[in-house]
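Before any comments, here is the structure.
Each residue takes its place number in the sequence, starting with 1.
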Amino acid sequence: MADKVQRRIIAVGSGKGGVGKSTVSANLAIALARMGRKVGLVDADIYGPSQPRLLGSEGIKPQARADKLIPVPNQWGVPLLSMGQLIEPDKAIAWRGPMAGNALGQLVDADWGDAEILVVDLPPGTGDVQLTMLQRHKPAGAVIVSTPQDLALIDARRAIQLFEVGQVPVIGMVENMAGYVCPHCGEQSDPFGSGGAEAAAADLGMAFLGRIPLELAIRKASDAGTPPAAGDSAAGEAFAAVARRVATWLDNQ
């Protein structure tokens, strides 16, 4: 008999929206896959799915086998399941908590084949979908994404507390949109502040996983469905560094 895959879930969360959590999730998954890990990506942001756009697989619907969804492959080697693949484009999802929780279950319990790691892009905040993930699917660990400014960090701490209450270890924090270098003069500025997530991680006694710069190239690549982590640019290396630290954490468990 074939050995059953020991699949582990890495939940990527944030206390608020707009901090780039989905971009970090997609690029983390791709960077792990480039390291030779067998990775799948779950877009658990039921109400605002964005992973089909980020991975360049819009308009492709998943098939089903034996009442289980089959993740949609893509050129980046990271099969994906998202509500964005199951509903009409631009259609609002007006569901109450139990329906969203059931949808999450279908995505996570799909036919993931030989995937050993599922990166789960959670919705922002600390609501029904997050509670369902903690109670039913028990992630191996969580990655918290925040921008450097105080307001985002306040909400990030709430997300951390939720995982702690659910007895899910926090792998560490990622500081996104950290520093902007003007493409014309080369001067660096910090629209959202600097070092806030790293300082918060130190204050909370947890690991700091890395800093992702605020770059126009990342935004353009994300909109085009060509994630930076798939290449060898400086932005791609920033995501790869985060992935190496996550992989090391997994290996040490």
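For A243, the side-chain contact (heavy atoms from CB on, under 4.5 Å) criterion is met by L28, A31, L32, M35, not counting sequence neighbours. Under the rule for a side-chain contact (heavy atoms from CB on, under 4.5 Å), the partners of A235 that lie at least two apart in sequence or sit in another chain are E215, I218, P228, S233. Shown here are the salt bridge (Lys or Arg N to Asp or Glu O under 4.0 Å) partners of D109, two or more places apart in sequence or in another chain: there are none. Among residues two or more places apart in sequence or in another chain, the side-chain contact (heavy atoms from CB on, under 4.5 Å) test is passed with A241 by E237, R244, R245. For D121, the salt bridge (Lys or Arg N to Asp or Glu O under 4.0 Å) partners at least two apart in sequence or on another chain are K21. The side-chain hydrogen bond (donor to acceptor under 3.5 Å, both in side chains) check on S50 picks up S22, with sequence neighbours excluded. With sequence neighbours excluded, no residue forms a side-chain contact (heavy atoms from CB on, under 4.5 Å) with Q75. D223 pairs by the salt bridge (Lys or Arg N to Asp or Glu O under 4.0 Å) definition with R219, not counting sequence neighbours. Not a single salt bridge (Lys or Arg N to Asp or Glu O under 4.0 Å) links E116 to another residue, sequence neighbours left out.
Ion pairing between D232 and R34 holds under the 4.0 Å rule for side-chain N and carboxylate O.
Dense packing is recorded around CZ of R7, with more than 12 heavy atoms of other residues, nucleotides or ligands lying under 6.0 Å away. Other residues, nucleotides and ligands place more than 12 heavy atoms under 6.0 Å from the NZ atom of K138.
Nearest heavy-atom pair across A238 and P213 is CB-CD, 4.1 Å. The minimum heavy-atom distance linking R37 with A247 is given by the pair NH2-CB, 3.6 Å. Minimum interatomic distance between G40 and V78 (heavy atoms only, all atoms of both residues): C-CG1, 4.2 Å.
Rounded to the nearest 0.5 angstrom, R158 CZ and S14 OG are separated by 12.5 Å. Put simply, CD1 on I10 and CH2 on W249 are 5.5 Å apart, with the number rounded to the nearest 0.5 Å. Interatomic distance, M83 CE to L81 CG, rounded to the nearest 0.5 Å: 10.5 Å. Here F208 contributes atom CZ and E198 contributes atom CD; the two are 4.5 Å apart, rounded to the nearest 0.5 Å.
Side-chain heavy-atom separations under 4.5 angstrom define the hydrophobic clusters, and the remaining members of the one that includes V72 are I60.
Counting only distance, with no hydrogens or angles, the side chain of Q85 and the backbone of S82 share a donor-acceptor pair below 3.5 Å. Checked by atom type and distance alone, the side chain of Q130 never pairs as donor or acceptor with a backbone atom of L162 at under 3.5 Å. At least one donor-acceptor pair under 3.5 Å links the side chain of N27 to the backbone N or O of A229.
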- So I212 and V174, side chain to side chain contact (heavy atoms under 4.5 Å, CB included) or not? Walk me through it. CA-CA 8 Å; I212 309 299; V174 175; 3.9 Å; yes

- Step by step, would you call R157 with D203 a side chain to side chain contact (heavy atoms under 4.5 Å, CB included)? CA-CA 11 Å; R157 288 173 185 264; D203 183 53; 3.4 Å; yes

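Within the structure, side chain to side chain donor-acceptor pair (under 3.5 Å) contacts touching residues 159-173 (residues at least two apart or in different chains) do not occur. For the salt bridge (charged side-chain N to carboxylate O under 4.0 Å, His left out) condition, the pairs that include at least one residue of residues 65-75, sequence neighbours left out, are R65-D111.
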